[in-house]
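Everything numeric in this text was worked out from a predicted model, so none of it was measured. Every chain is numbered from 1 and lettered A, B, ... according to where its sequence line falls, protein lines coming before strand lines.
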There are 4 protein chains.
Amino acid sequence: MKSGTPLAPRRKPRQSRAQATCDAILTATAQILVKDGYDAASTNNVARVAGVSVGSLYQYFSSKEALVMAVMERHRAEGLTDLEEGMARLSGTTLREALRLLIRQVLAKKAANPRLHQVLMEQLPRMRQLQQVDPYAVRMLRLVRTYLEPHAAEVRPRDLDMAAFIIFNTVESLTHAALTGRPEYLARESYVDELCALVLGYLQPEREAVRRGGRPPLRTPRTRTVAARKSRSTGKR
Amino acid sequence: MKSGTPLAPRRKPRQSRAQATCDAILTATAQILVKDGYDAASTNNVARVAGVSVGSLYQYFSSKEALVMAVMERHRAEGLTDLEEGMARLSGTTLREALRLLIRQVLAKKAANPRLHQVLMEQLPRMRQLQQVDPYAVRMLRLVRTYLEPHAAEVRPRDLDMAAFIIFNTVESLTHAALTGRPEYLARESYVDELCALVLGYLQPEREAVRRGGRPPLRTPRTRTVAARKSRSTGKR
Amino acid sequence: MKSGTPLAPRRKPRQSRAQATCDAILTATAQILVKDGYDAASTNNVARVAGVSVGSLYQYFSSKEALVMAVMERHRAEGLTDLEEGMARLSGTTLREALRLLIRQVLAKKAANPRLHQVLMEQLPRMRQLQQVDPYAVRMLRLVRTYLEPHAAEVRPRDLDMAAFIIFNTVESLTHAALTGRPEYLARESYVDELCALVLGYLQPEREAVRRGGRPPLRTPRTRTVAARKSRSTGKR
Amino acid sequence: MKSGTPLAPRRKPRQSRAQATCDAILTATAQILVKDGYDAASTNNVARVAGVSVGSLYQYFSSKEALVMAVMERHRAEGLTDLEEGMARLSGTTLREALRLLIRQVLAKKAANPRLHQVLMEQLPRMRQLQQVDPYAVRMLRLVRTYLEPHAAEVRPRDLDMAAFIIFNTVESLTHAALTGRPEYLARESYVDELCALVLGYLQPEREAVRRGGRPPLRTPRTRTVAARKSRSTGKR
DNA sequence: TATGAATGAGTTTTCATTCAT
DNA sequence: TATGAATGAAAACTCATTCAT
C-alpha cells in the first residue's frame, strides 16, 4: 500500500543506549510472535513489552512490516551462518553424509524454535511483496549451487539452477510441513533418512538397467479395488 | 481470535434463491481475493460486490474466516475431484507415466488461477489454527497412500504414510514454490521432468551396484576452490 | 497527501435515521470549529459531540477534509442563495443602490457567524489544494459578471472577467479583513459607504475633466516632512 | 494550544556561530515550507535539514509556532523595507504614478516567491491568535496613512485610518487572490492598471457632474433578459 | 552549548459484527 | 429473510517537546 516506505532501519543507533532499545524491541517482537502470533504483535504492544515508547520503535523501524522483517533477517542470518559453517566442515564426506548433516541441521534449527519459524514463514509471502528479491533465498540457492557445481558431471540434473531450486525448496518445505503437520516426524531418524533418499535419488544418474532389462517398470493396476490386490502380489498387469 | 465461533455454514440454504446468494458471495470473495488480495476482502466489501447486504452475508457465514474457509473448500474440492478422476484413468500406465500425468495436472491446476491459489495458500496457516485437522490434506494423503499400497513390495519406502506425506508435500510445495519464485518454470517441460525424477528416485529401491562396486560415491571436495577442479576431473579424492 | 480519496460523500443517506446522523455530524463539526477551532475538530471528537460513533462519521464522510469541506459547502450554499435572491430583487435600482444592498448583505452574512466564517476561510486554502476549481468562486464570479454585462458600455473596465474577479475579491476580502482586524467596522455605516465608493469608483469611466484641465493631479511631496505641508496647500511641485 | 508559551526568541544569539545556526534553521524552515508545505515542517525535519539537532532548534525557538513566526517576520521585514525604500523615492510623482510603482512592487514581491508567500499567508491567522496585534500590519497601515495625510484635503475619504485600512487590504488581498486563483494576472500590465484604477477611483472626490446633470446613473435593468437590451440602449428605466 | 534518544498523548482510519427496521 | 445503519475497539503512525549525556 505504502510502496514508498523504505524497509531499512530508519536510523542506525549510535549510542549504546539506542542499541539496547533496538535490541529490546526486536526481542519483544520475537517473543510476542512466538507467544501470541502475528496479529498480537501490534506496534503499541511490542513497545509496551519492550519497555519503550511507540515513538522509539518508530525511530528504528519505519513500519510494522520493517520490524517483522528485521526479526526475520536476524533469524535467517543465523540459519544461513550455521549452514555456511556446516558446509565448510563437509570436505571429504560423501554426498550422502553431507546431505544427512545438512538436513539434520535444517531440521534441528527449525525444531529449536518451531513457533517462531512457523510465524515467520507465514509472514514471508507478505514480505516478498515488498522486497522483490529475497536475498536470503538467493544466498541459499547460491550455496546449494556452489556445492553442486564440482559434481556437475556425476549428477543427473543438467540445469544446476533448477536443481538447486528444487533441492532447497524440497528440504525447506518438507521440514516446514513436518513442523506444521507431523511434529512427531521431526525427532524420527527415519524422516531424515527419507529426505536424504529423496534428494539423493533426485541427483543420481538415471538407472539404465531398470529401464532396459531387469525388472519391468511399476504399473498402475487396472482397477483400484479387486485387481489391486492381485497386482500387488504378481507385479504384472 | 474468537475461538468460540463455529466455522460451519450457519444455515444450509434450502431455497434456490438462497443458494444463488450464497454462490454470489463466494464468487465475489474469490474475485476480490484474486484482484486485491486478502486485506481488501472485508466483509462489507464482499457484500457490496456480491450485491447483497452484510446482514445476508452473516446469515450464511458465521465469520470472515468461515467465509474464506468456504472459498478454500470450494476450490480444493475441485482439485481433489480432478485428481481423483485423473487417478481413475491411470490403470495400465507405468508409475512414471502416472506421475507425469498427475504432476502435470497439479501444475496446470495451480497455473490456471495462480493468484487465487497463492492468496489461499497464504491464508492456510491461519485457517489451520481454527480447524485442527485439514480434511483436504487427509483425503489427499489417503489418495496417495492408496495408490502406493499395491506397490508396497516394489517400492523402497517402508512407511507408506510417511511416503505419502513426503510425496504429496513435495509436489505441492515445489509447485507452489515455482508459482511464487520462478513462474517461468511452470511452463517448462523440464520442470515436470525434474519433479518426476524427484519422486521416482525417491520410490526406487536402493541401488546395490552403486554402493558395492561401480562408481565410488560422490564426495565433497576437500576445499571448495583449488581441489574442486581436480576432483571434478578425476572423481576421486 | 492522499490524492486518491474522493471528497464527495461516501453514501447518500437513504433512511431518515441516516439523514439525522449526517446532520448531527455536520452540526457538531460546525459547533466545534466555532468554539475551539480546526485543531479541536478531530474526527473522534466530532463523533462524540454529535453523539454517534466514529464509524458512522466515516460512513458519510470519507475523511476529515471531506467533512470540513461539507460544512463549508453547506455554509457557502446559503451565502450563494442569499446573494442570488438579493440580486433578483435589484431590478430598477441604481448601481449605487444595488451595490449598497449587496455589500450590506455580504457583511451581514459574515457578521452573523463570524467565528465560523473565519475558521472556514482559514481552511479554504487547504481545501483548494484538493479541489482544483472552487465551484463556489466560479458561481460567484459568474454572478458578478452577469450583472456587469448589460452595463458593459457604460462601465470603464473592458475585461469583464477581470472586473468581476476584482470586485468579488475586493468585497470578500475587505469584509473578511474587517471581521478579523477591525470588528468595529462591521457595524459602521461608513464602512459600507467606503466599500461602495471603492467599487463604484472602479467602475466609473475615467474622468476626462480631471485629466485634461481642472485640478492638477495629486503629487507626492518632495520630502515627507517639511515639504509635505506646503504641497498640501498649493498642490504644485 | 499552549497559550502560556512565549513566542519571543528564547535567547539572543551572541556568538556568530550561534547566529549561523539560527539562520540555518530559519532558512531550512523556509525551504521546507516552500517545497512541502506547512505540515512537512516538523521541528525534527527542520532540524535535520538545517543540519542541527532538535535540541539546538529549541534553544533558539521556544516552539514550532515561534519558529514559523520568525520566518514570517524575516520575510515581512524585507517587504516592509522594500516598500519604505520605494516610498522614499516617490517625491514629485503623481499619485497615479506613485500607486503604480508601489502596486507593481507588491506584486513583484509576491511573485518572486509565490509558494512561501502563500504558505505564510495561510498560517497568518493561526499566528494572529497568539499575537494580539500584528506589528507588520500596524506599520503598513501607518505607512499608507502617512502617505495620505498630506493629501487629506484633496482626497475624498475623511477617515484616513479607514482609508489606509481599505487601501492596504485591497492591494494585499487582490495580489494574493491573483497569486492563488489567477496566476496569469500577475504578469499582465492590465491587472496593475485595474488595481490602480481601483485605488485611484476610491480616493477621487465624488464627481459632481455625474450626479447632478450629465449621464443618469447606471440602473439595474428590470429583468436580466429582454428588458436588459432596451435599457442598455436608452439608458432610462 | 549541543546532541539526539526518548516520550506518549493523540490523530486518522478501518472493519468485523450486530440489530432495529 | 433481507437490509444497511450503527458500532467502537483497536491499529498504525506522528511530532512537539524534554532531558540526560
From CA spacing to verdict: side chain to side chain contact (heavy atoms under 4.5 Å, CB included), C/Thr29, C/Phe61
CA-CA 12 Å; C/Thr29 308; C/Phe61 305 96; over 6 Å; no

Between [atom2] on [N] and [atom1] on [X], what's the gap in Å once rounded to a whole number?
{"X": "A/Phe61", "N": "E/dA6", "atom1": "CZ", "atom2": "P", "result": "12 Å"}
{"X": "D/Ile32", "N": "F/dA16", "atom1": "CD1", "atom2": "P", "result": "11 Å"}
{"X": "A/Gln19", "N": "E/dG4", "atom1": "CD", "atom2": "C1'", "result": "15 Å"}
{"X": "C/Ile25", "N": "E/dT12", "atom1": "CD1", "atom2": "P", "result": "14 Å"}
{"X": "D/Asp39", "N": "F/dC13", "atom1": "CG", "atom2": "P", "result": "18 Å"}
{"X": "B/Glu65", "N": "E/dC15", "atom1": "CD", "atom2": "C1'", "result": "13 Å"}
{"X": "C/Gln59", "N": "E/dT18", "atom1": "CD", "atom2": "P", "result": "16 Å"}
{"X": "C/Lys64", "N": "E/dG10", "atom1": "NZ", "atom2": "P", "result": "14 Å"}

Starting at the 5' end of DNA chain F, which residue's closest nucleotide do you reach first, C/Ser56 or A/Ser42?
C/Ser56

Go nucleotide by nucleotide along DNA chain F from the 5' end; which of C/Val54 and B/Val54 gets its closest nucleotide reached first?
B/Val54

Compare side-chain N and O positions of D/Tyr60 against OP1 and OP2 of E/dA2 and report whether any pair is under 4.0 Å apart.
yes

Does E/dG8 have OP1 or OP2 sitting under 4.0 Å from an N or O in the side chain of A/Tyr58?
no

Can you list the stems that include DNA chain E, where a stem is three or more consecutive Watson-Crick or G-U pairs with distances under 3.5 Å?
E:2-21 with F:2-21

Give, for atom [atom1] of [X] and atom [atom2] of [Y], the distance between the pair rounded to the nearest 0.5 Å.
{"X": "D/Asn44", "Y": "A/Gln59", "atom1": "CG", "atom2": "CD", "value": "7.5 Å"}
{"X": "D/Asp23", "Y": "D/Gln19", "atom1": "CG", "atom2": "CD", "value": "4.5 Å"}
{"X": "C/Arg74", "Y": "C/Thr27", "atom1": "CZ", "atom2": "OG1", "value": "4.5 Å"}
{"X": "B/Ile25", "Y": "B/Tyr60", "atom1": "CD1", "atom2": "OH", "value": "7.5 Å"}
{"X": "B/Arg76", "Y": "B/Met69", "atom1": "CZ", "atom2": "CE", "value": "9.0 Å"}

How far apart are the closest heavy atoms of B/Ala28 and B/Val46, and which atoms are they?
CB-O, 3.9 Å

Nearest atoms (heavy-atom pairs only) where C/Arg115 meets C/Val34
NE-O, 3.1 Å

Evaluate the side chain to side chain contact (heavy atoms under 4.5 Å, CB included) criterion for residues B/Glu65 and B/Gln123: first the C-alpha distance (whole Å), next the side-chain angles of each, then the deciding distance (0.1 Å), finally the verdict.
CA-CA 10 Å; B/Glu65 256 140 8; B/Gln123 297 310 320; over 6 Å; no

Which is more 5' along DNA chain E, the nucleotide nearest B/Ala41 or the one nearest A/Leu57? Just name the residue.
A/Leu57

Of B/Ala40 and D/Gly55, whose closest DNA chain E nucleotide lies nearer the 5' terminus?
D/Gly55

Between B/Leu67, B/Asp134, B/Leu120, which is the residue that forms a side chain to side chain contact (heavy atoms under 4.5 Å, CB included) with B/Met72?
B/Leu120

Say we look at F/dT21 and E/dT1: how far apart would their P atoms be, to the nearest angstrom?
22 Å

Residues in contact with DNA chain E, drawn from residues 43-53 of chain B - heavy-atom cutoff 4.0 Å:
B/Thr43, B/Asn44

